Amino acid sequence: MYPDLKNVIELQQVDVRVEELTKQIDSLPAQIQSLHSRLDGFIHAQEERKKRLTANQHARKELDGDIKVIQEKIAKHKDQLYQVKTNDQFRAMTKEIEGEEAKVRAIEDEILEKMLEAEEIQKQVQEAASRLESERLLVAAQIAQLESEQKADDEERRGLQARRAEIQASLSESTRSLYDRIRPARRGIAVAEVREGLCTACNVLLRPQVYNEVRTNEVLLTCENCGRIIYYPGPARLGTNESESSEAGATA
Ligand SMILES: [Zn+2]
C-alpha cells in the first residue's frame with residue numbers, strides 16, 4: 001500500500017476517535033453538575049420538611065397560648081356568674097361562657113390536626129434522612145466513576161494526539177494539505193472506503209477506470225463526487241471489520 005494512503009487512513013481513524021473522546025470529555029462537567037443538582041434537590045426538600053416541622057411546632061405553641069387566654073376568661077366569667085343580679089344577665093353570661101368553651105374545643109381540634117401533621121412530617125424527615133444518606137453515597141460513586149472515565153479519556157486522547165503528530169510528520173506535504181482541506185469541508189471525514197465500486201461516504205459509483213486504480217491502493221485518489229480520499233479495504237466481507245481493514249492496510 002502507498003505509504004501516504006496507509007498513513008492518512010490511520011490519521012482519519014485517530015481523528016474520529018479524538019473527536020469522540022472530546023465530545024465525551026466535554027459532556028462530563030454537565031453530567032457531574034446534574035448529579036450535584038440532584039443531590040442539592042434532595043437536601044433542599046429535606047430542609048423544607050424541617051422548616052414545616054418547626055412552623056408546625058410554633059403554631060401549636062401559639063394555639064396553646066390562645067387556649068390559656070380563653071380559659072382565663074372562662075374562669076373569670078364563671079366567677080362573675082355568682083355576682084349577676086338578674087336572670088337575663090345570668091343567661092347572657094352563660095351564653096358567653098358556652099361560646100368561649102366552643103372556641104376552646106375548636107382550637108383543641110386544630111391542635112390535634114397539627115399534631116397528626118407533625119407526626120407525618122417527622123416520619124417523612126426520618127425516611128428522607130436515610131434516603132439522603134444512600135443518595136449521597138450513590139452520587140459520590142457516580143461522580144468518582146465519571147471522573148475516572150474522564151481521566152482515561154484524557155489519557156487516551158493525549159496518546160492519540162501524540163500519534164497524530166507522528167503520522168502528520170510522516171505524510172507528504174501535498175497529502176497533508178489535501179487531508180486538512182477535505183476534513184473540515186466534509187464533516188470530519190476526509191477518507192472513505194470503496195466497496196463494490198461505490199464511494200461509501202457519498203454512495204456514488206466510481207468510473208471503472210478509477211475503481212481499477214483505487215483497488216491497487218498504490219495511488220492517492222479522491223472521489224470525483226465528494227472529493228474524499230478513497231481506498232480499497234479488500235473484497236466485501238461479512239460483519240464489521242475495523243481490525244480487519246487495518247490488518248489489510250498493514251499487509252497490503
Ligand atoms: Zn464520495
Side-chain angles (χ1 to χ4, degrees), residues 1-32 34 145-146 148-252:
M1 188 181 255
Y2 182 53
D4 259 14
L5 186 56
K6 178 175 172 292
N7 286 327
V8 94
I9 293 168
E10 191 189 347
L11 185 59
Q12 177 69 74
Q13 286 165 350
V14 166
D15 280 343
V16 166
R17 181 67 185 146
V18 165
E19 205 171 309
E20 243 173 51
L21 289 168
T22 301
K23 247 183 231 165
Q24 277 175 32
I25 292 166
D26 291 350
S27 77
L28 281 168
Q31 289 182 52
I32 291 175
S34 103
Q145 169 71 24
L146 289 175
S148 93
E149 274 171 30
Q150 181 170 34
K151 206 174 150 218
D153 286 351
D154 270 332
E155 271 168 29
E156 187 183 347
R157 187 170 63 173
R158 261 200 305 279
L160 288 172
Q161 278 161 344
R163 178 66 191 140
R164 187 182 203 282
E166 280 172 19
I167 302 169
Q168 265 208 320
S170 71
L171 287 176
S172 71
E173 178 55 39
S174 64
T175 303
R176 187 165 58 232
S177 75
L178 180 64
Y179 180 86
D180 289 344
R181 209 167 53 238
I182 305 170
R183 200 166 79 92
R186 288 287 174 237
R187 281 172 286 127
I189 304 296
V191 182
E193 285 183 10
V194 168
R195 284 179 192 274
E196 290 166 21
L198 292 171
C199 163
T200 55
C202 69
N203 278 319
V204 165
L205 208 57
L206 269 52
R207 284 186 296 124
Q209 190 203 337
V210 179
Y211 185 44
N212 281 335
E213 269 186 289
V214 82
R215 284 171 64 123
T216 67
N217 283 327
E218 289 304 335
V219 56
L220 201 86
L221 291 168
T222 54
C223 168
E224 286 172 311
N225 180 57
C226 69
R228 292 184 176 93
I229 298 166
I230 45 178
Y231 71 101
Y232 184 67
R237 287 164 308 226
L238 292 172
T240 48
N241 29 57
E242 208 169 314
S243 59
E244 280 183 63
S245 68
S246 56
E247 221 174 86
T251 51

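Whatever order the structure lists ligands and atoms in, that order sets their numbers, starting from 1. Here the structure is a predicted model, which means the values were calculated and not measured.
- Electrostatic pairing of Asp154 and Lys151 does not count as a salt bridge here, judged by no charged N lying under 4.0 Å from a carboxylate O.
- Arg163 contributes no side-chain N or O that, together with a main-chain N or O of Val14, makes up a donor-acceptor pair within less than 3.5 Å.
- In terms of modelled atom types and a separation under 3.5 Å, the side chain of Arg228 and the main chain of Cys223 share no donor-acceptor contact.
- For the residue pair Gln24/Glu20, the side-chain donor-acceptor check at 3.5 Å is not satisfied.
- Rounded to the nearest 0.5 Å, atoms OG1 (Thr216) and CG (Leu221) are 7.0 Å apart.
- Not a single donor-acceptor pair under 3.5 Å links the side chain of Glu193 to the backbone N or O of Pro233.
- Around the Zn ion (ligand 1), the protein contributes the following N, O or S atoms at distances under 2.8 Å: Cys199 SG, Cys202 SG, Cys223 SG, Cys226 SG.
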